[in-house]
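As structure tokens, the structure follows; a few thoughts come after it.
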Amino acid sequence: MTTHKAHCLILPYPLQGHINPMLQFSRRLQSKGVKITIAPPKSFLKNMQELPTAVSVEAISDGYDDGGRDQAESFVAYTTLFKEVGSATLSQLIQKLTNYGCPVNCIVYDPFLPWAVEVAKTFGLVIAAFFTQSCAVDNIYYHVHKGVLKLPPTQVDQEILIPGFSCPIEPSDVPTFVIHPEAERILEMLANQFSNLDKVDWVLINSFYDLEKEVIDWMGKIYPIKTIGPTIPSMYLDKRLHDDKEYGLSVFKPMTNESLNWLNHQPTSSVVYVSFGSLAKLDTEQMEELACGLKNSNKNFLWVVRSTEESKLPKNFLEEIKLATVSKGLVVAWCPQLQVLEHESIGCFLTHCGWNSILEAISLGVPMVTMPQWTDQPTNAKFVKDVWEMGVRAKQNDKGIVRREVIEECIKQVMEEEKGKVIWENAKKWKKLARNTMDEGGSSDKNVEEFVSKLVTIS
Ligand code: UDP
């Protein structure tokens, strides 16, 4: 029988982009002798295409076991019931694991679920908050929580100075929930991530020191921050965990063979990979502009269009790209993104700037064209272009649409022109730094070590 040094219960928020990094962090802990149990809500587990086999899986309840968020009347209703039923079922789970002779020592929770702190305190457990967004974005929500950052700004071109940032930012760089008054309740939840953060033992952030030095140093004066990322499978970084090649949990079924076979037939660095992640919805006009921008760029492209988005593609587009002679494209409903980004045929990543996608592009050294849609994506896009200089931004017009000419131009800038060379050099630099940070003795590796060794001491 394996003896474990400690037992961590992982409590993720039920979204693909939130579970992936927590699961990956779990693999690192596990490799250092910690037992892991991950406990998403039942409603989320029900819809999984695949479940992780590397860690134990249990379930709590969000109060909507049949349909999850979609079944709730509103976001507020979902959050309220999740807190009530989630707290109760989490307590039951901790009790059950104790009864089975497998007591929990520590809860690692997503701060979208701040009530987990109270439950952990009742049981006297170590508690770690795990932020799945960038430290810069966390810093912005911290200032909203403190009431210091009050938006919407009166002028669209007003610069915003945020403590911990090396440069001012514009309203178009701020997470959308901060700007749009109709997102008040969501913003409240995001600011609430900090409501009881002074009671936790650790604040873990899925980022790495070199990437966000200034802001990490600034927030580190307030909270016990440890950066532990990028949390992507080890075989794409330090290669120390040999069985760690994929996240192991997916809401959608990847079209792996179709995607990789197609890429295998494309020349080196010739393909634009396009994906808007698991949630973003483009409107029909934007889909048409994107489709035309891709075609007009004369580059080959692999475009992930989720099945719920497919009807928005221009008429005959799929047939046309199959027959095209100049540029060829492949549209898939979902792909194995890490394997795609690692493929030598990829020349640039046109991305919605979800934080996982950004960290994956950085870790695999793929230059980006950014097309942020909502939530934290505009802030991530700002950093890609101006701080890490690893891409260009395809700007929206005043109607909120990115026109085809802009898309075409941005792709060409990254893949063809002088500017592209600098971006490619930077991409190589960041790839190396990302790898080093997770490798033995790197800053994130040391932080994971420290977390484990303190856990073992108190367990
Ligand atoms: N992803 C994938 N296949 C796809 C598109 C995305 O495996 O076709 C993965 C991607 O690698 C990332 C996650 O889905 O890990 C998306 O997370 P992100 O934070 O980028 O965006 P979100 O879906 O949260 O908007």
Side-chain angles (χ1 to χ4, degrees), residues 12-25 27 40 44 47-50 52 69 110 112 130-134 137-138 175-177 186 190 205-207 229-233 235-237 244-260 262-263 271-282 301-310 329-343 346 349-364 366 368-381 383-384 391 434:
Y13 192 77
L15 285 175
Q16 178 89 63
H18 283 238
I19 291 202
N20 280 3
M22 285 181 110
L23 201 50
Q24 214 40 54
F25 175 64
R27 304 287 296 268
F44 185 78
N47 293 324
M48 287 296 96
Q49 296 292 332
E50 51 174 353
R69 259 186 319 274
D110 189 314
F112 279 24
F130 186 109
F131 282 81
T132 62
Q133 296 180 322
S134 77
V137 168
D138 301 331
T176 52
F177 299 135
I186 299 183
L190 292 162
I205 298 191
N206 183 19
S207 185
T231 56
I232 76 162
M235 288 312 281
Y236 295 95
L237 290 164
D244 188 20
K245 295 194 179 89
E246 48 193 46
Y247 290 111
L249 183 145
S250 185
V251 186
F252 304 101
K253 197 171 165 40
M255 295 169 67
T256 304
N257 290 339
E258 291 89 328
S259 308
L260 298 180
W262 186 83
L263 289 177
V271 176
V272 187
Y273 168 58
V274 187
S275 165
F276 286 79
S278 60
L279 295 167
K281 294 178 185 149
L282 269 56
F301 59 88
L302 172 62
W303 184 4
V304 178
V305 179
R306 299 190 314 273
S307 55
T308 45
E309 294 283 285
E310 201 185 302
L330 178 72
V331 172
V332 292
W334 195 250
C335 76
Q337 181 162 300
L338 285 161
Q339 288 181 64
V340 167
L341 288 174
E342 194 190 35
H343 201 280
I346 298 298
F349 181 15
L350 195 159
T351 171
H352 73 310
C353 298
W355 185 234
N356 293 295
S357 293
I358 299 287
L359 286 178
E360 290 162 11
I362 286 174
S363 302
L364 294 165
V366 182
M368 290 171 261
V369 170
T370 66
M371 230 178 106
Q373 300 297 302
W374 65 323
T375 172
D376 58 335
Q377 295 154 18
T379 317
N380 299 338
F383 276 69
V384 168

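One-based numbering, in listed order, for ligands and for the atoms of each. Predicted model, so just to flag it, every value in this text is computed and none were measured.
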Checklist outcome for this item: CG (Leu341) and OG (Ser275) are apart, to the nearest 0.5 Å, by 8.5 Å
Checklist entry - Mind checking what residues have non-hydrogen atoms under 4.0 angstrom from ligand 1? => result Gly17, Asn20, Tyr247, Tyr273, Ser275, Gly277, Ser278, Val304, Trp334, Cys335, Gln337, His352, Gly354, Trp355, Asn356, Ser357, Glu360
Checklist entry - Stepwise, does the side-chain contact (heavy atoms from CB on, under 4.5 Å) test hold for Trp334 with Arg306? => result CA-CA 6 Å; Trp334 195 250; Arg306 299 190 314 273; 4.2 Å; yes
Exercise answer: donor-acceptor pairs, residues 17-24 side-chain atoms, under 3.5 Å, sequence neighbours excluded:
| unit_1 | atom_1 | unit_2 | atom_2 | d |
| --- | --- | --- | --- | --- |
| His18 | ND1 | Asp110 | OD2 | 2.7 |
| His18 | ND1 | Thr132 | OG1 | 3.3 |
| Asn20 | OD1 | Gln16 | NE2 | 2.9 |
| Gln24 | NE2 | Asp244 | OD1 | 2.8 |
| Gln24 | NE2 | Asp244 | OD2 | 2.6 |

Checklist entry - In Å, rounded to the nearest 0.5 Å, how long is the span from CG of Asp138 to CZ of Phe131? => result 5.0 Å
Checklist entry - Roughly how far, to the nearest 0.5 Å, is CE of Met368 from OH of Tyr273? => result 13.0 Å
Next on the checklist: Let me confirm one number: the CZ-OG1 distance from Phe349 to Thr370, rounded to the nearest 0.5 Å.
Outcome noted: 11.0 Å
